[in-house]
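The basis for the numbers below is simple: all heavy atoms, side chains too, and nothing from hydrogens, waters or symmetry mates. As the structure lists them, so they are numbered: ligands from 1, and atoms in each ligand from 1.
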Amino acid sequence: MKERLYLFDTTLRDGAQMNGVDFTVQDKLKIAALLDDLGIDYVEGGYPGANPTDTELFADARKLNATFTAFGMTRRPGRSTSNDPGLVQLLDAKADAVCFVAKASDYQVRVALETTLEENLASIRDSVRAAKAKGREVLVDCEHFFDGYKANADYALACAQAAFEEGARWVVLCDTNGGTLPHEVETIVAAVAARIPGDHVGIHAHNDTEQAVANSLAAVRAGARQIQGTLNGLGERCGNANLISIIPTLKLKRDFAERFEIGVSDGKLKTLAHASRLLDEMLNRPPDRHAPYVGESAFVTKAGIHASAIAKDPATYEHVPPETVGNRRKLLVSDQSGRSNVLSELERIGLAVDKSDPRIGRLLEEVKAREARGYAYEAADASFELLARRMLGRVPNYFDVIRFDVTVEQRINARNERVTVTMAVVKVKVGEEELLSAAEGNGPVNALDLALRKDLGKYQRFIDGLKLTDYRVRILDGGTEAVTRVLIESEDERGERWITVGVSENIIDASFQALMDSIVYKLVKSGAPA
Ligand SMILES: [Zn+2]
């Protein structure tokens, strides 16, 4: 019988502390759904009351399989739980669980909290009791636990024990400053697990010595049974423990796989690389090519003796099979895996093609050439499908855009305010009919989109429910000149979403390509007649 290990994701709370990361409520819901789908046990959404986004996020019940968790502070010193507005707001949040952060270091209690050691313990007990009375599952993050333990082990343990004895489901040991080393973590967690059962102990590691993953695994070896971390190691300073590295290690490395099971199935493990890249796309940052397990280069081998050995047996130079985590093997000389990759994609989207069809080779060449120019078909699934369908001769020519014109004008209006007005005019030909539409927008791309979708004649009814839900621009270093890549996410009336891509030196051209792909994809998907 394997022991259960629990995964707690804090991408939306601790991860959001990272410089340059700013999630909207919609972003948070998307990421929560991604985590839920993966099989993560706990999703920490944020800190209700700390900012309007998190307050809104917890205003409605979010239906997840995971335990949706709200983060907040234990009651302030000298207050009662009912007389602490922050705590009251936290307990009113629509969450399954509450994760309190509490000080566990005597130094921090005296200097940062400016209160007595006894009052801090009382605050932990009272807060846990109040949250339990509200029917919440309770976790207590013991902040600065490891530094606190080294300075005053008895007090750090007293904090952890206070939380556990009051009924907290999990007592989480935090390496808040991220400076603790794996052998120290293992020793200290073992000391805690001698007092508190390990299946109530969690680890929250930061990556300041690049050992957050190692520290998390060391804690598990010493008895902890919950791991807190983030997708792609997102987080303040050097980041949190990277769940994207921890998950495959737990599932694929024998010492862990034989002893433990986690909520992530083998099938979902195969979506890990995709989940990692999706998060980077949302953050509009390039994925780390060298990320363990999921990076584009994680299973790339250059020509030479390694490549010829891999061709004989991949295990010669690979620590795990790349497909187990949804990545792929690449031999930089003859890319045979590219062909099987394209074939499996065609199968996924339901395009039946004979394996020996010469058009598959041409499609692969085309994808490679376009990706070299900046197209990102891994993210833009809808654009890939259109490209494949076009090469296989299966996309009707629904309409032609004869011309478009976008103007941006800045002027002073009648109220003496400086305003920018954008207008787009689009002329399309649908069958024998020529249609002219104009629209104003809050930017050139928005105006172009509105004009393009205003009147498509007989196709209009197929795109009425279409809306753009995300628009992302990235400047790529395309060798001699910088090019712009635009990714557009669209949604239809049934809530289905897809992503299209455009690439050009000109941002309007790139946006136009992505917009056109989105509309044509919707027409194909709706079975619009040619
Ligand atoms: Zn943290």
Side-chain angles (χ1 to χ4, degrees), residues 6-23 28 31-32 35 40-51 54 67 69-74 90 95 97-105 107-109 112-113 124 127 138-150 156 159-160 163 168 170-182 184-185 188-189 192 201-220 224 226-246 279 283:
Y6 294 84
L7 299 176
F8 181 107
D9 180 278
T10 182
T11 303
L12 304 179
R13 201 272 303 169
D14 224 2
Q17 297 298 317
M18 182 150 150
N19 271 355
V21 171
D22 192 15
F23 294 130
K28 287 199 166 198
I31 295 170
L35 293 164
I40 302 295
D41 301 293
Y42 292 82
V43 172
E44 189 168 57
Y47 188 168
N51 59 67
D54 287 359
T67 304
T69 308
F71 173 90
M73 308 239 279
T74 49
L90 175 63
V98 167
C99 183
F100 287 112
V101 57
K103 301 247 179 266
S105 131
Y107 167 76
Q108 295 283 342
V109 171
L113 211 55
I124 294 173
S127 305
V138 183
L139 299 92
V140 176
D141 271 5
C142 295
E143 205 188 19
H144 298 289
F145 185 85
F146 293 92
D147 297 328
Y149 185 95
K150 285 187 227 171
C159 294
W170 292 103
V171 178
V172 183
L173 313 179
C174 301
D175 186 24
T176 307
N177 296 357
T180 311
L181 301 176
E184 300 173 302
V185 169
I188 294 172
V189 172
V192 175
V201 175
I203 177 75
H204 177 110
H206 278 265
N207 204 31
D208 298 71
T209 71
E210 211 171 20
Q211 298 187 91
V213 169
N215 280 343
S216 305
L217 297 172
V220 170
Q226 185 192 84
I227 300 176
Q228 298 200 344
T230 60
L231 293 178
N232 295 347
L234 220 63
E236 209 169 7
R237 306 189 309 273
C238 317
N240 286 55
N242 184 0
L243 287 179
I244 295 287
S245 295
I246 289 173
L279 183 79
L283 295 171

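Between the side chains of Thr69 and Glu44, no donor-acceptor pair of N or O atoms lies under 3.5 Å. Side-chain atoms of Tyr6 and Trp170 form no donor-acceptor pair, as typed in the model, at a separation below 3.5 Å.
The number of protein N/O/S atoms found under 2.8 Å from the Zn ion (ligand 1) is 3.
Residue Leu283 holds its CG atom at 9.5 Å from CG of Leu231, rounded to the nearest 0.5 Å.
Exactly one residue among Thr230, Asp9, Asp14, Asn232 makes a side chain to side chain donor-acceptor pair (under 3.5 Å) with Asn240. That residue is Asp14.
Thr74 is linked by a side-chain hydrogen bond (donor to acceptor under 3.5 Å, both in side chains) to Ser123, counting only residues two or more places apart in sequence or in another chain.
Electrostatic pairing of Arg13 and Asp54 does not count as a salt bridge here, judged by no charged N lying under 4.0 Å from a carboxylate O.
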